[in-house]
Protein chains: 2
Amino acid sequence: MQPAIRKLKILEAIVDSYIGTGEPVGSKTLCDGLDFNVSSATIRNDMAELAELGLLTQPHTSSGRVPTNLGYRIYVDKLMSVKPVSPKEQGAIRDSLLLHSDAPEHLLSEAAQILSDITRYAAAVTSPPADRAYVKRVKFVQTGNHTAMAVLITSTGMVRTRLFRCDFVVNDEVLNLFDNALNDKLQGTMLVDVTPAFIQSAAISLGELSMIVPNALIAIHDAARDAATTNIALEGQSKLLFLPEFSFESARQTVDFLNRTNDITRLLNDSDEPTRVLIGEETKIPELSEASLIISKYNVSDVCSGAIAVIGPTRMNYSKTIANTEYLAHTVGTMLSGLLNG
Amino acid sequence: MQPAIRKLKILEAIVDSYIGTGEPVGSKTLCDGLDFNVSSATIRNDMAELAELGLLTQPHTSSGRVPTNLGYRIYVDKLMSVKPVSPKEQGAIRDSLLLHSDAPEHLLSEAAQILSDITRYAAAVTSPPADRAYVKRVKFVQTGNHTAMAVLITSTGMVRTRLFRCDFVVNDEVLNLFDNALNDKLQGTMLVDVTPAFIQSAAISLGELSMIVPNALIAIHDAARDAATTNIALEGQSKLLFLPEFSFESARQTVDFLNRTNDITRLLNDSDEPTRVLIGEETKIPELSEASLIISKYNVSDVCSGAIAVIGPTRMNYSKTIANTEYLAHTVGTMLSGLLNG
DNA sequence: ATTAGCACTCGATGCACAAGAGTGCTAATA
DNA sequence: TATTAGCACTCTTGTGCATCGAGTGCTAAT
């Protein structure tokens, strides 16, 4: 066998072994596990070279080798093979998702739950961004003598509701009046344009009507803001605390970062690449320097939308996790497409 | 001073000091901090007696004393004084809550957020149980060509919505027909009675109509189940990971337990006592044996409803935390009463 | 290019020892 | 009887030191 090829095989074997056991792997152990016959001395020489290239390190001088993040990178890009999710697992995933396929939000949080359960790491799913969405329809529903619900339906098929309170006794007549007047103003308006200022100007042009139910305007504004905000569903954070590969410090830093909704959302929506694998410092986030992320984008009606991601340790089962994440992204995309446009 | 009284003062001083510093407190240190003059030897004798009574222990033979959970119990029940929340803080809390006082769910999750922020521990809030609630009204709102939203309004003023999909093109006429027929069946039915079997029988009695939109019935069922389920809002779990008083093991056990929604909900709704303080094993939950809970019930319209709680270490600032929790319970109760019955 | 052999490194483990904090006990005292 | 001073005792923490063993790097032979 070519020495160059052997070195790669050795790197692969080291990563595989280390991912499995968590123990630094030495030349002798490796020698036994390989399917070609070379002595441990040869392997030592090769490992020394791989270390020189920055693909391996030693925790200390007299211990086995451990992949560096660069080593993982080569492994992920060139060496490992992603084997598809088994049909049986595929079926289980689809079934679980179908049980929650009424509203997009439920589907997404269920997806995060499933992904976390099968990978045993933490999972996150972002909702599709709504920056191109506009107001399709606004409705009002009476819910009590003094309370009503604003319903906002977006062009993307999302529905947001908000309760509000009136100072006078609500009746369908007033709500209908308001409904008609407001739809004239709002239909077709981009969600991001439904600002307090916009609401203010709408109120003025509604004249007397707007004085009756100022809270309705606030409710609409809140609903629009809510619809325009990218949500994130997070599951299984506490699983990270039980992984032996995380030190206490890394685990809590990671969990703490995951709880910063804005930051993690931004990270996931950063790029439109179908699948990204970020290893350790590649995340550019100090708190995640011991963690790896697999981020897959899902497409709704062939347009790249939200992201579905797994957060785990750098010593992660990349092959299996990538397969699972990609499968879920694909399935969620398909289901959402049906849900929103059907 | 009476020796008996002095012993209690000493216990109080030890708890205060230990809560503040986290260091076991020795006779000498304590001697300086006391406002009455006795020698360290006397204090040693008293401490020995308190230890005999099971109120203090030593981490090891030659270190200072630390309160046992029983010691904390005496401290909480007899010694400490709960000083009310300052008017300034009260104002800040009310203002934050008012910003989210549209729907009960928002109010409750905001309350959890606030409580976690001011105590710097984890906080949880359960929604009022709905076991006595019945269906007040069901409505349907068209949201798309093939989609509609079921709206369920309960006797307690809660509103739940659920999207569903129809195989034919939706129009107001069908929805209205369905609406009228279904309200006849459902109005006044207890939420807990809206079972699949009940829905089934309703479907049959609706005849042909029910065949048109079977998904609507499922949506109603889901909405009712959702309304009947006690929700819990959880905030600041990851703060527990950074507390020096928790070992890694205790912290992750605690966080893991908090993520078991059913278990933590049951614990909070276990009793109707206005304020409970559970210290360590008093929770009867092994995973929480290093943690303490402050649980205050809030009343909606003078009826005991949900609970609002703080989860922290046994070495907790009980006085301040109890004050904060009780104030939030009171305020949330008042606001919710206005929201649901007004 | 590969291998056998060997000296070397370094963490882990166990042990001894000193320092320091804090106790428990005894005997004296108010 | 309650309090106190004094002192021996205990136990943790930290340090130094020798040993062990896994695994390496290097050299010389194949």
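Within every chain, numbering begins at 1; the chains are lettered A, B, ... in the order of the sequence lines, protein sequences first and strands thereafter.
Taking 4.0 angstrom as the limit, Ser39(B) places a side-chain polar atom (N or O) nearer than this to OP1 or OP2 of dT4(D). The shortest distance between the side-chain N/O atoms of Ser63(B) and the OP1/OP2 oxygens of dT12(D) is not below 4.0 Å. Checking the phosphate oxygens (OP1, OP2) of dT2(C), a side-chain nitrogen or oxygen of Arg6(A) falls inside 4.0 Å. Taking 4.0 angstrom as the limit, Arg44(B) places none of its side-chain polar atoms (N or O) nearer than this to OP1 or OP2 of dC7(D). Using a 4.0 Å cut-off, no side-chain N or O of Ser62(B) falls inside it from OP1 or OP2 of dA21(C).
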>> As a quick check of understanding, evaluate side chain to side chain donor-acceptor pair (under 3.5 Å) for Asn269(B) and Thr126(B), giving each step before the final call.
In response: CA-CA 8 Å; Asn269(B) 288 357; Thr126(B) 62; 3.1 Å; yes
> Should Glu249(A) and Arg252(A) be marked as a salt bridge (Lys or Arg N to Asp or Glu O under 4.0 Å) after you check the CA-CA gap, both sets of side-chain angles, and the distance that decides it?
Replying inline: CA-CA 5 Å; Glu249(A) 192 50 32; Arg252(A) 66 184 184 186; 2.8 Å; yes
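Of the candidates dG25(D), dT12(D), dT3(C), dT3(C) carries the atom nearest the Ala41(A) side chain, counting heavy atoms from C-beta on. Of the candidate nucleotides dG25(D), dT4(D), dT3(C), dT4(D) has the atom lying nearest to any side-chain atom of Thr42(B). Candidate nucleotides dG24(C), dT4(D), dT24(D) were compared by shortest atom distance to the side chain of Gln58(B), and dG24(C) ranks first.
Computed from coordinates, the Met47(B) CE to dA21(C) C1' distance equals 12 Å when rounded to whole Å. One can place CD1 of Ile43(A) at 13 Å from P of dG23(D), the figure rounded to the nearest angstrom. Look at CD1 on Ile14(A): it is 13 Å from C1' on dT24(D), rounded to the nearest Å. His60(A) has its NE2 atom 9 Å from the P atom of dG23(D), to the nearest Å. Distance Leu34(A) CG to dT2(C) P: 14 Å, rounded to the nearest Å. To the nearest angstrom, C1' of dG24(C) lies 16 Å from CG of Leu56(B). When the P atom of dA4(C) is taken as reference, atom CG of Asn37(A) falls 11 Å away, rounded to whole Å. One interatomic measurement links the two molecules: CG of Asp46(A) to C1' of dT24(D), which rounds to 14 Å at whole-angstrom precision.
Applying the Watson-Crick and G-U wobble criteria (two distances, each under 3.5 Å), dA28(D) pairs with dT3(C). In a base pair of the Watson-Crick type (N1 to N3 plus N6-O4 or O6-N4) or a G-U wobble (N1-O2 and O6-N3), with each distance short of 3.5 Å, dA30(C) is matched with dT1(D).
Relative ring orientation between Tyr18(A) and Tyr72(A) is described as tilted, the plane-to-plane angle lying within the 30° to 60° band.
Summarising the geometry, atom CZ belonging to Arg315(B) is positioned 13.0 Å from atom CD belonging to Glu290(B); distances are rounded to the nearest 0.5 Å. A distance of 6.0 Å separates CG in Leu55(A) from CG in Leu11(A), rounded to the nearest 0.5 Å. Asp256(B) contributes atom CG, which lies 5.5 Å from atom CZ of Arg260(B) (distance to the nearest 0.5 angstrom).
For DNA chain C, the residues of residues 17-30 of chain B within the heavy-atom distance limit of 4.0 Å (strictly under) are Gly26(B), Ser27(B), sorted by number.
In summary, Asp117(B) and Lys239(B) engage in a salt bridge, as defined by a charged side-chain N under 4.0 Å from a carboxylate O.
Using a 4.5 Å cut-off on side-chain heavy atoms (C-beta onward), Ile295(A) and Asp270(A) make no contact.
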